[in-house]
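Here's the structure, in structure tokens; my notes come after.
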Amino acid sequence: MRKKGKLPYQTHEEEYELEYGTATVAVHVDALKPGSRVLLIDDLLATGGTAAAAAALVQRLGASHFANFLSHRVEFFSTARKAQAVPREFVGVY
């Protein structure tokens, strides 16, 4: 998964809301095989928008998103809002 425009092949894209606008993440159309189990890893949980968008892309490719690993949480933002929309366990927030 990368920001829109960073991948050199055909992609699926998912737009999500930020506290100050919108952003888009993309994934190659052939990045995951249907039925694959996916652990999403990110460095930061702020609004939860990136996690929700990435989970939507995983599902679009027919894979199974089973958990998130996040190294840092920004308590200032309302992380529960969008993160709760991702029905998966957050396995490591430090």
Could you list who else is in V29's hydrophobic cluster, with ILVMFWY side chains joined at under 4.5 Å, directly or through other members?
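So far as hydrophobic clustering goes, V29 is joined with Y9.
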Main-chain N/O of E14 paired with R60 side-chain donor or acceptor, under 3.5 Å
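No; judged by distance alone, with no hydrogens or angles, the pair does not exist.
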Which heavy atom of A55 sits nearest to which heavy atom of L40, and what is that distance?
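Taking A55 first and L40 second, the nearest heavy atoms are N-CD1, 3.8 Å.
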Nearest heavy-atom pair of K33 and A63: which atoms, and what distance?
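The answer is O-CB, 4.1 Å.
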Is the closest side-chain heavy-atom distance between [X] and [Y] below 4.5 Å?
| X | Y | value |
| --- | --- | --- |
| V25 | R2 | no |
| L57 | M1 | yes |
| S64 | Q59 | no |

Which residues pass the side chain to side chain contact (heavy atoms under 4.5 Å, CB included) test with E15, sequence neighbours left out?
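T22, T24.
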According to a 4.5 Å side-chain heavy-atom criterion applied to Ile, Leu, Val, Met, Phe, Trp and Tyr, with indirect links allowed, do L7 and L61 form part of one hydrophobic cluster?
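Different hydrophobic clusters.
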